[in-house]
Protein chains: 2
Amino acid sequence: MQPKHPANSEAPSRALTDYPRPSVAVDTALLTVADRALSVVLVQSGDRPALPGTFLHEGETLRDAVLRSLRVKCGISGLEPRQLRVFDAPGRDTRGWVLSVAHLDVVPARDLTLDASLAHPTAVGSARTLPLMYDHAEIIELAVDALRAEYADRPDPRPLLPEPFTLRELQTLHEAIAGERLPRDAFRRRMEPLLTDTGELSRGTRGKPARLFRRTPDPRR
Amino acid sequence: MQPKHPANSEAPSRALTDYPRPSVAVDTALLTVADRALSVVLVQSGDRPALPGTFLHEGETLRDAVLRSLRVKCGISGLEPRQLRVFDAPGRDTRGWVLSVAHLDVVPARDLTLDASLAHPTAVGSARTLPLMYDHAEIIELAVDALRAEYADRPDPRPLLPEPFTLRELQTLHEAIAGERLPRDAFRRRMEPLLTDTGELSRGTRGKPARLFRRTPDPRR
DNA sequence: GGAATAGTGTCTATTAGACAGTATAGA
DNA sequence: TCTATACTGTCTAATAGACACTATTCC
């Protein structure tokens with residue numbers, strides 16, 4: 001919908017602000033991999049755990065609102081939020097007419113320095129058993145599926161691993177995200193052509209030193 | 001974001017309506033297959049072609065707003081809109097602070113009875129050369145990609161074909177959506193197990209009569 | 001019978017998974 | 001030397017595409 005009539009069924013001369021407008025919020029499933037487990041950062045909202053979120057301010061993009069909420073509630077910045085979908089069920093928020101734009105974002109566990117009394121990562125398996133606010137359980141499921149799709153055929157698009165890394169470290173990351181073991185041979189064959197070999201080897205490890213790789217600057221990112 | 005504080009950084013006691021709120025619109029890429037070409041329905045908005053859209057009314061879901069706009073502008077109903085994403089660039093609408101939730105919907109060409117002076121289907125290839133409103137060109141690209149993904153591994157999820165249909169009719173549909181020829185053998189092998197054979201044959205056609213199929217009630221829809 | 005379309009069987013190149021063997025470090 | 005890990009090569013089953021052959025209708 002654009003210029004001309006604000007809505008076909010109504011008088012075109014009325015100003016935009018004459019019509020009722022919803023409040024618009026953003027809620028973010030902030031995912032991380034901690035201790036080989038895919039986890040989501042939860043904050044406390046009233047009596048229940050919830051995803052971090054905030055209301056959209058005037059003149060602000062959704063992306064900026066997400067970054068602001070994560071900065072304020074989790075003390076992190078420099079991320080790359082991705083829209084999932086809008087939740088719009090009429091009665092979903094008891095305070096009134098509120099739309100929520102669900103987002104996914106990802107942060108390396110080492111960058112997470114949370115005030116543990118406010119926010120803490122929870123393994124997504126455990127999160128499923130918690131009494132989360134409203135549609136937040138569904139948002140987490142959407143976020144996990146979206147992250148799995150992003151990692152399905154790319155080494156580390158977000159990126160989560162510090163460079164350089166070995167193929168085993170990359171596979172361990174993928175297994176945490178996928179929630180299952182992956183075949184070693186097929187994983188090598190798919191990922192190695194997508195990485196840049198540094199020529200260096202890991203040192204101080206148990207067996208044969210592993211080759212160290214970097215992410216290849218990727219057209220698809 | 002939910003109950004408790006409207007936004008962490010502001011006084012929790014103020015009412016939702018004390019904060020500025022955006023107008024929320026829906027815009028829909030209504031796709032169809034006409035004359036073996038994937039097409040999008042365009043309406044005239046001021047001096048340019050545009051996608052049909054409207055503003056969201058109070059107490060209305062996004063889905064209902066999409067259905068209302070398509071009923072009013074294109075005279076069709078009974079569809080299944082799917083959210084693509086929210087467009088929120090601050091200056092995208094000259095009338096003020098307007099978010100638009102882009103949608104995809106699909107309609108069989110035979111159900112399209114448009115007032116040609118108001119709305120008409122345009123092949124997506126041609127639509128790319130038109131000076132569309134705002135972000136509507138991008139919405140069409142998103143919609144086409146989404147539709148291709150829906151049809152990539154399913155016979156006719158939307159559904160577009162009248163039953164019963166032959167494998168060739170199904171393949172012609174898929175080729176229109178994919179925008180390219182598909183290999184006959186591989187197409188058969190993938191699709192036939194996903195269809196229900198009616199046991200009937202086509203009649204009055206040129207060569208050997210073809211078997212007629214129906215869609216199999218599908219767990220994935 | 002000829003043309004056109006539907007349907008079937010076979011060959012091959014590619015791929016994923018399984019598995020075994022070799023290489024190289026620390027203990 | 002032993003063990004753990006990294007790396008490489010080969011085999012096999014599944015799959016997609018190519019292609020050829022047969023089947024059945026209308027003209």
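Just so you know, these numbers come straight off a predicted model, no measurement behind them. Just so it is clear: chains get the letters A, B, ... in the order the sequence lines come, proteins before strands, and each one is counted from 1.
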[N] [atom2] sits how many Å from [X] [atom1], rounded?
X	N	atom1	atom2	answer
B:R181	D:dA18	CZ	C1'	15 Å
B:F213	C:dG7	CZ	P	6 Å
B:R188	C:dT5	CZ	C1'	11 Å
A:L195	D:dA6	CG	P	15 Å
A:K208	C:dG26	NZ	P	14 Å
A:Q171	D:dT5	CD	P	13 Å
A:L201	C:dA23	CG	P	16 Å
A:L212	C:dA25	CG	C1'	14 Å

Closest nucleotide among D:dG17, C:dA6, C:dA18 to the B:A210 side chain: C:dA6
Which nucleotide wins on minimum distance to the side chain of A:P209, given the candidates D:dG17, C:dA25, C:dG17? C:dA25
Need one value for A:R168: base, sugar-phosphate or nothing, where a base atom within 4.0 Å counts as base even if backbone is also close, heavy atoms only. sugar-phosphate
Determine the contact category for A:T205: base if any of its heavy atoms lies under 4.0 Å from a base atom, sugar-phosphate if only primed atoms, P, OP1 or OP2 are that close, otherwise nothing. sugar-phosphate
The answer to which of A:A186 and B:R211 contacts DNA chain C further toward the 5' end, by nearest nucleotide, is B:R211
Identify, between A:F187 and A:R206, the residue whose nearest nucleotide on DNA chain C lies closer to the 5' end. A:F187
Validate the cation-pi geometry between B:R85 and B:F87: distance from NZ or CZ to the six-membered ring centre under 6.0 Å, angle to the ring axis within 45°. yes
Reported CZ-to-CG distance for the pair B:R68 and B:L56, which is rounded to 0.5 angstrom: 8.0 Å
Nearest-0.5 Å distance, OG of residue A:S202 to CD of residue A:E169: 8.0 Å
Under 3.5 Å, is there any donor-acceptor pair linking the side chain of A:R184 to the base of C:dG17? no
In terms of the nearest nucleotide of DNA chain D, which residue is placed more toward the 5' end: A:G207 or B:G204? A:G207
Over all atoms of both residues, closest heavy-atom pair of A:T216 and A:L195: OG1-C, 3.1 Å
Take atom CZ of B:R110 as the centre, draw a 6.0 Å sphere, and report whether it contains more than 12 heavy atoms from other residues, nucleotides or ligands. yes
